[in-house]
Enquirer: 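The following block contains the structure, expressed as structure tokens.
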2 protein chains.
Amino acid sequence: MSEPLILVVEDDHNLTKLLKYNLEKAGYKCFLAESGEDALKLLAERDVDLVLLDIMLPGIDGFEVCRRIRQHQLFRDLPIVMLTAKGEEIDKVLGFELGIDDYVVKPFSPRELNLRIRAVLKRDRRSRSSVREVMKCDGLEVDIARHSVTLNGREVTLTLMEFKLLAVLLKRRGQAQSRETLLSDVWDVDKTINTRTIDTHITRLREKLGETGKLIKTVRGLGYKLEDSGENGEEN
Amino acid sequence: MSEPLILVVEDDHNLTKLLKYNLEKAGYKCFLAESGEDALKLLAERDVDLVLLDIMLPGIDGFEVCRRIRQHQLFRDLPIVMLTAKGEEIDKVLGFELGIDDYVVKPFSPRELNLRIRAVLKRDRRSRSSVREVMKCDGLEVDIARHSVTLNGREVTLTLMEFKLLAVLLKRRGQAQSRETLLSDVWDVDKTINTRTIDTHITRLREKLGETGKLIKTVRGLGYKLEDSGENGEEN
DNA sequence: CGCCGAATGTTACAATTTCGTTAATTCAGC
DNA sequence: GCTGAATTAACGAAATTGTAACATTCGGCG
């Protein structure tokens, strides 16, 4: 992956120079917008990973820029870090309605800025993955959002319950899950289901997953677990 | 520690009254938000321990509120319990992804609500300190969660009773355990089991553990103990 | 040192539990 | 009501478990 791209929205030339220097030293690419309007235009043109946004801007202010960014479907989750002067309306920054991910108070040290940016980027990647998560294990790939399962590249059609069951097993792969746990995590809250129902679904899952199905181990006296065959990690 | 603070996000006034009454009777402090937007603002202002969140809300719905809460670093681990109406379709797997900790179905009894809240709060504290129980002793490794035992790297399959017995011995390694103690710690409370049964299990354990099985010493007239061969400790 | 009884080890077996599977039934969406 | 999914039921197979019977060891004691 190449360096993350940061859009800096700031009109103070002294500051922008400093920011550019530091950000690039820290391994980010960055470019500049001197007003909110510019920023919105530029956003559309390049694939930005994070916006560093001053509150005080000529024309529309940082809050408004933020609001407009969030209006766009595409940028709903785009990380935004606010630059605020001491004493500025920090309350508002903290407010959630704007969807700001973090803020830095001027004057700040380059170190602090970098730490925050790094944290937000990291968090961002994770939070995206938590909504559009793809879990992998051996040849198995489960995409929660798309509700799809592929096995060594081939799509496998699972029924709803099978899918959910597999998802939970995969999420906690390696750990033995009691039937009770599975029930409460997979089935509707108020349903009262025979725990043996799980067995049936497990059977069908195993069948549909073929060789890979053998990864679903029964833990006698306890429940089931998905074998965690080593290093294969979680993707995003 | 003072009473946990619960933020109730609910717009039905009848229900909020009831909730407030019951929660306070149960020893929680609580306050109210009538919309998701309010909730998000209020969260920033007070140090909330748990959010009780209705799905149906004016404006943004409960799931979206949840998502936004989770976006913030500070509230990444904040316990959230969903209030759902009977018949509302809930995708628990998705909810799982959002980090919802539990659900309560309306109409619910105060008792049930309290039980769930207490459970979640308890779990929460535990998961923060995240103790993964892996016990090691010589070449022996017992992982409770995974329900696995490895002996010098090789997996050993134990039956449930064998596993439990070994776990207890390992947990109290070095200390002699009377048969009575073992019985009450390993077996179900209401089972009336011959103490000699333990001997049989010990035999089987020793056999399966091979050379390492010799670490299980019998303490004549008392019971058994697992030799504590020095410094090898417990992990995390 | 050798005997004896108590405690423990071992083994086999029967009872029980648990599980996998198939078939039957119910359920939900169309 | 038709269809596929979800659930339950049923039954046989397999694993686990408890017990009892017998073997062995241990420790004290004469």
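In what follows, every chain begins at residue 1, and chains take the letters A, B, ... in the order their sequences are listed. The structure displayed is predicted, hence computed values, not measured ones. Computed from heavy atoms alone, side chains included, the values below leave out hydrogens, waters and symmetry copies.
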Enquirer: Is the shortest side-chain N/O distance from Thr200(A) to OP1 or OP2 of dT7(D) below 4.0 Å?
Expert: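 It does not, given that no N or O in the side chain of Thr200(A) lies less than 4.0 Å from OP1 or OP2 of dT7(D).
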Enquirer: Pick base, sugar-phosphate or nothing for Thr159(A), based on heavy-atom distances below 4.0 Å to the nucleic acid.
Expert: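 Sugar-phosphate, backbone atoms only, no base.
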Enquirer: Please round to the nearest 0.5 Å and tell me the distance separating atom CG of Leu140(B) and atom CG of Leu169(B).
Expert: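 Separation between the atoms: 10.5 Å.
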Enquirer: Under 6.0 Å from the ring centre and within 45 degrees of the ring axis: does the NZ or CZ of Arg70(B) meet both conditions for the six-membered ring of Phe75(B)?
Expert: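 Not satisfied by the 6.0 Å and 45° rule.
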Enquirer: Mapping Asp199(B) and Gly223(A) to their closest nucleotides on DNA chain C, which lands nearer the 5' end?
Expert: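 The residue mapped nearer the 5' terminus is Asp199(B).
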Enquirer: Examine dT7(D): is either OP1 or OP2 under 4.0 Å from a nitrogen or oxygen in the side chain of Trp187(A)? Give yes or no.
Expert: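 True: Trp187(A) side-chain N/O within range (under 4.0 Å) of dT7(D) OP1/OP2.
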Enquirer: Would you please confirm or rule out a distance under 4.0 Å between OP1 or OP2 of dT7(D) and any side-chain N or O of His201(A)?
Expert: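 Answer yes for this pair, as a side-chain N or O of His201(A) is under 4.0 Å from OP1 or OP2.
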Enquirer: Can you figure out which of dT8(D), dT11(C), dT19(D) approaches the side chain of Asn194(B) most closely?
Expert: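 For the Asn194(B) side chain, the nearest candidate turns out to be dT19(D).
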Enquirer: Charged N to carboxylate O under 4.0 angstrom, Arg68(B) versus Glu64(B)?
Expert: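 Counted as a salt bridge, because a side-chain N and a carboxylate O are separated by less than 4.0 Å.
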Enquirer: Tell me whether the side-chain N/O atoms of Arg206(B) come closer than 4.0 Å to OP1 or OP2 in dG9(C).
Expert: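 Result: yes.
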Enquirer: Is the phosphate of dG9(C), meaning OP1 or OP2, less than 4.0 Å from a side-chain N or O of Arg196(B)?
Expert: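 For Arg196(B), the contact criterion (side-chain N or O under 4.0 Å from OP1 or OP2 of dG9(C)) is not met.
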Enquirer: So what does Thr218(B) touch, heavy atoms closer than 4.0 Å: a base, only the sugar-phosphate, or nothing?
Expert: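 Result for Thr218(B) = sugar-phosphate.
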Enquirer: Any N or O donor-acceptor pair linking the side chain of Arg220(A) to the base of dT18(C) at under 3.5 Å?
Expert: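 Check passes, donor-acceptor contact within cut-off.
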Enquirer: Is Tyr224(B) touching bases, backbone alone, or none of the nucleic acid, heavy atoms closer than 4.0 Å?
Expert: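 Since only primed, P, OP1 and OP2 atoms lie under 4.0 Å of Tyr224(B), the category is sugar-phosphate.
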Enquirer: Using a cut-off of 4.0 Å on non-hydrogen atoms, how would the nucleic acid contact of Ile202(B) be classed: base, sugar-phosphate, or nothing?
Expert: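 Here Ile202(B) touches no strand at all.
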Enquirer: Is any NZ, NE, NH1 or NH2 atom of the basic residue among Arg116(B) and Asp101(B) found under 4.0 Å from an Asp or Glu carboxylate oxygen of the other?
Expert: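 So Arg116(B) does not pair with Asp101(B) through a salt bridge.
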Enquirer: Under the 3.5 Å rule, do the base of dG9(C) and the side chain of Arg204(B) count as making a donor-acceptor pair?
Expert: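 Looking at the base of dG9(C), it does not pair with any donor or acceptor on the side chain of Arg204(B) (distance under 3.5 Å).
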Enquirer: Hey, does Leu158(A) reach any base, or is it just sugar-phosphate, or nothing, if we go heavy atoms under 4.0 Å?
Expert: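 Leu158(A): no heavy atom of the nucleic acid under 4.0 Å.
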